[in-house]
Q: 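Let me begin by handing over the structure; questions about it come next.
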Amino acid sequence: MANLEKRVPANVLGEFFVDTTCIDCDTCRQIAPQVFGETVGTAFVHAQPQTAVDRKRALYALVCCPTGSIGSSGSDDPKSVMTDFPLLIEEPVYYCGFNSPKSYGGNSYFIRSSHGNWMIDSPKFLPPLVRKLESLGGIANIFLTHRDDVADAQKFARHFGSRRFIHQAELKSQPDAEVVLEGTEPLELAPGFLAIPTPGHTAGHMVLLSQDRFLFTGDHLDYDRDEQRLAASHDYCWYSWPQQIESIEKLASFHFEWVLPGHGQRVHLPADEMRRQLVELGRRMRLDR
Ligand SMILES: [Fe+2]
């Protein structure tokens, strides 16, 4: 629960505010950029919502903030929006919401599939979300991109009887995972679902390509809102930057139009533009060695 007495001084006056417990994970800015901005090491309210749509987005951000750092003095009950999750991105892909502090506020996603639904990385295990996922057919498969973002995956797997996929090099974070992948070659997990090992951020990092359209990138690749281009983080590369460069370059041989990251901004681009930006990113990363 956010504390008004700890409000960040940069907040503009009004009903919504961010307090000093914020970990600057970017969740609120991704959900409601009209309301939340970034100042040094923290989010803050740069504009109070002016429309019903913006107000609802601000409430979404409030309930998804992993550290409960967003408050509101308004009359809306934040619980009223919790049953809206997961939020549709583009059929059949949804954003789960309820980012977990265990994954430093990482995003997780849900995919509806006639062969069994998927979850990519894990949100908080919360009853409103669990009930909604039950109504959508449950979760047959949980794809874990890497060790940092497993959060409550074990609870979801036990509740739904899901199979968890993780790379052998990340197994310490989920030692009882049902399916352990090895090596560096892409592997089809089900029709239209391809696991692509992308070592770099961590040794066993993997991305998931769905329908040659949606690429779930964990902490391997995201989108820089300011520069408006694909990006990868050298500062948050825990294992090998040279290997992360090779893994980025490898992705240029795949076809996709969406990048859906764990941390950072998602983006939808034409496949040709996506490939062009990937090649350009690889060049920049080599200069940054
Ligand atoms: Fe990570």
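Read the numbers this way: they start at 1 and go in the same order the structure lists the ligands and their atoms.
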Q: Do any N/O/S atoms of H201 come under 2.8 Å of the Fe ion (ligand 1)?
A: yes
Q: Do the non-hydrogen side-chain atoms of F165 and L144 ever get within less than 4.5 Å of each other?
A: no
Q: Counting backbone and side-chain atoms alike, is an N, O or S atom of H146 positioned under 2.8 Å from the Fe ion (ligand 1)?
A: yes
Q: Rounded to 10 degrees, what angle sits at the Fe ion (ligand 1) between D148 OD2 and D219 OD2?
A: 160°
Q: Under 6.0 Å between the ring centres of Y236 and H263?
A: no
Q: Would you check if I120 and T145 make a side-chain contact, meaning some heavy-atom pair closer than 4.5 Å?
A: yes
Q: Among residues at least two apart in sequence or on other chains, which ones pass salt bridge (charged side-chain N to carboxylate O under 4.0 Å, His left out) with R276?
A: E273
